[in-house]
Asker: 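Below you'll find the structure I mean.
Only a predicted model underlies this, so the values are computations on that prediction, with no experimental measurement involved. The chains referred to below are lettered A, B, ... by the order of the sequence lines, with proteins before strands, and numbering in each begins at 1.
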Protein chains: 2
Amino acid sequence: MSRRQAYFDLLGDLEQATGKETESLFGRIQEFFGVRHQSYMNISLAAGRQKALDMLHTFPEDLVQHYTDNDLHLVDPIAQAALTGITPVDWQAYINNKNAQKLFATASSFGVSTTGMTIPLLCRGNQAAHFAIDVGVAVSEWPQYRREHIGEIQILATYLHAARQEMAQDLPEADLTAREAEVLKWTAAGKSYWEISMILGISERTVRFFMTNARKKLGVVTNSQAVAQAVLRGMIPL
Amino acid sequence: MSRRQAYFDLLGDLEQATGKETESLFGRIQEFFGVRHQSYMNISLAAGRQKALDMLHTFPEDLVQHYTDNDLHLVDPIAQAALTGITPVDWQAYINNKNAQKLFATASSFGVSTTGMTIPLLCRGNQAAHFAIDVGVAVSEWPQYRREHIGEIQILATYLHAARQEMAQDLPEADLTAREAEVLKWTAAGKSYWEISMILGISERTVRFFMTNARKKLGVVTNSQAVAQAVLRGMIPL
DNA sequence: TGTGGTACTGTCACTACCGACAGTATTTAC
DNA sequence: GTAAATACTGTCGGTAGTGACAGTACCACA
């Protein structure tokens, strides 16, 4: 099988995949690129703290343990850049950064290189995610490797991320019907029942009906509370 | 100059570019792909409405006028998918969608095809952005084109987006007082004015006073809308 | 000494919401 | 084929929210 073929196969499988199936696909991504290590992480930013919601990785356990135990993500300039920035973060760009050097030194003793990158991923709601790969090629070869593969990596990471979404539920899913979600959306946008009935071309009574169902499903008593929950759970296409 | 070379040149220039320089680069992206039309859009989700913060496009002016005048983005399932989803949206996937068909019909009369895609872009805060291209190849050739170029497109769009960030200033900060935030929090928790007055040991009238101030500061009209904004902006201590 | 911001309270009138009682039509799943 | 889920509508009566008219007291800053 050609490399190109393998890529499209992987992409197709990622597009279909849900939940736990993604774990084997995560392995296939690593095989495909033949990199040393990689990680996928989804973080909740709710309530002002950074809480890991979902994580897949092939880095050495001891290193990850050390990293999490010491909250190094707060010191790691690469992690912070990935959480606040938009474009892929090249590890090599931090080779002269004091904090990064310390982390590189530690990582190096676990067999992690300095030729890698961390790709920020699109999230809705109060979440952030990124995909990191430790390629481990020679520094001289890195710029070319990066250019050649960054497109493939970003696309695969995006689809892995999409497939992995359900594993990163901050709160349990309340499955609203399309109509219930729609009505809730307009309520969150400040529309009254009557206005929503005009927008959707249905009776005001029906709008109330959908909202009542939405409140019941969300286990709340007021529309405001329903909106709060829906926004928190990222169910509102605002 | 080889295609590959042109791509890397463009990518490099996008990485360096800021502000208005991006306009010519936008043109170069279109030349590079040789597509019919393309658009870049950055949208504010503040105050519950979708407000365009920044836009670059090469679609026919009349079509865009028609689209914006009629708030078609609220009906457009592709736009909504791009604003709520995380993976690229293939226009062809909506070829049987009623709402999309109407839009395709209108767009078609302006020379816009159905072979295109809209790529959601990563934003921080309550913003959303997407990059759309109308490729205009035969439907039979589209899947292959899509596969071949989606990586390049996504990367270029990401870097364009990053360079374009400064053009999309948002959010006059709404700083609520401690009391306003507190009352808003309890409203989000489903409490009525009377209940909140009991909780805080103040009169119901005063609770109303704080909520009214909060609504004004957030620029919204209903409590539900205020809660949506507050949660979205992370102003609610959950 | 004033000016502006915050914290608080009162009343009136109107509108919006919400629960509880209904009901019908259509689609999906066993 | 029927049960369940979805999409939709009607009416009554009570409670909650909303805007507009007020007002007082305290504190910080110029």
Asker: Does a side-chain N or O from B:Ser192 land closer than 4.0 Å to OP1 or OP2 of D:dT15, or not?
Answerer: no
Asker: Whole angstrom is fine here: how far is it from CD in B:Glu195 over to C1' in D:dA16?
Answerer: 11 Å
Asker: Does A:Asn223 reach a base, just sugar-phosphate, or nothing at all? Heavy atoms under 4.0 Å.
Answerer: sugar-phosphate
Asker: To the nearest angstrom, how far is B:Ile202 atom CD1 from C:dT6 atom P?
Answerer: 16 Å
Asker: Ignoring backbone atoms, establish whether B:Thr222 has a side-chain N or O less than 4.0 Å from OP1 or OP2 of C:dA16.
Answerer: no
Asker: Identify whether any heavy atom of B:Arg215 sits under 4.0 Å from a base atom; if not, whether one sits that close to sugar-phosphate; answer base, sugar-phosphate or nothing.
Answerer: sugar-phosphate
Asker: To the nearest Å, how far apart are A:Phe210 CZ and C:dC17 P?
Answerer: 16 Å
Asker: Of all the nucleotides listed (D:dA20, C:dC8, C:dT6), which has the minimum atom distance to the side chain of B:Arg205?
Answerer: D:dA20
Asker: In this structure, how many angstroms lie between the P atom of C:dA16 and the CD atom of A:Glu204, rounded?
Answerer: 8 Å
Asker: I'd like to know if the side chain of B:Asp134 pairs up with that of B:Trp91 as donor and acceptor (distance under 3.5 Å, no hydrogens or angles considered).
Answerer: no
Asker: Is the NZ or CZ atom of B:Arg164 both under 6.0 Å from the centre of the six-membered ring of B:Tyr40 and within 45° of that ring's axis?
Answerer: no
Asker: Taking the side chain as every heavy atom from C-beta outward, state whether A:Leu200 and A:Trp186 have any atom pair closer than 4.5 Å.
Answerer: yes
Asker: Name the nucleic acid region contacted by B:Ser203, choosing base, sugar-phosphate or nothing; use a 4.0 angstrom heavy-atom cut-off, strictly under.
Answerer: sugar-phosphate
Asker: Hey, could you give me the CD1/CD1 distance between B:Ile150 and A:Ile155, rounded to the nearest 0.5 Å?
Answerer: 4.5 Å
Asker: Mapping A:Val220 and B:Ala178 to their closest nucleotides on DNA chain C, which lands nearer the 5' end?
Answerer: B:Ala178
Asker: Any N or O donor-acceptor pair linking the side chain of B:Arg179 to the base of C:dT6 at under 3.5 Å?
Answerer: no
Asker: Using whole Å, report how far CG of B:Asn213 lies from C1' of D:dG19.
Answerer: 13 Å
Asker: A:Val221 or A:Phe209: which one's nearest nucleotide on DNA chain C is closer to the 5' end?
Answerer: A:Val221
Asker: In this structure, how many angstroms lie between the P atom of C:dA7 and the CE atom of B:Met211, rounded?
Answerer: 15 Å
Asker: To the nearest Å, give me how far apart CH2 (B:Trp194) and P (C:dC17) are.
Answerer: 23 Å
Asker: Less than 4.0 angstrom from a charged side-chain N to a carboxylate O is my criterion; do A:Glu182 and A:Lys185 meet it?
Answerer: no
Asker: Just the rounded figure in Å: distance from C1' of C:dG5 to CD of B:Glu180.
Answerer: 10 Å
Asker: With distance as the sole criterion, do the side chain of B:Arg208 and the base of D:dG19 form a donor-acceptor contact below 3.5 Å?
Answerer: yes
Asker: Touch check for B:Tyr193, heavy atoms < 4.0 angstrom, all strands: base, sugar-phosphate only, or nothing?
Answerer: base
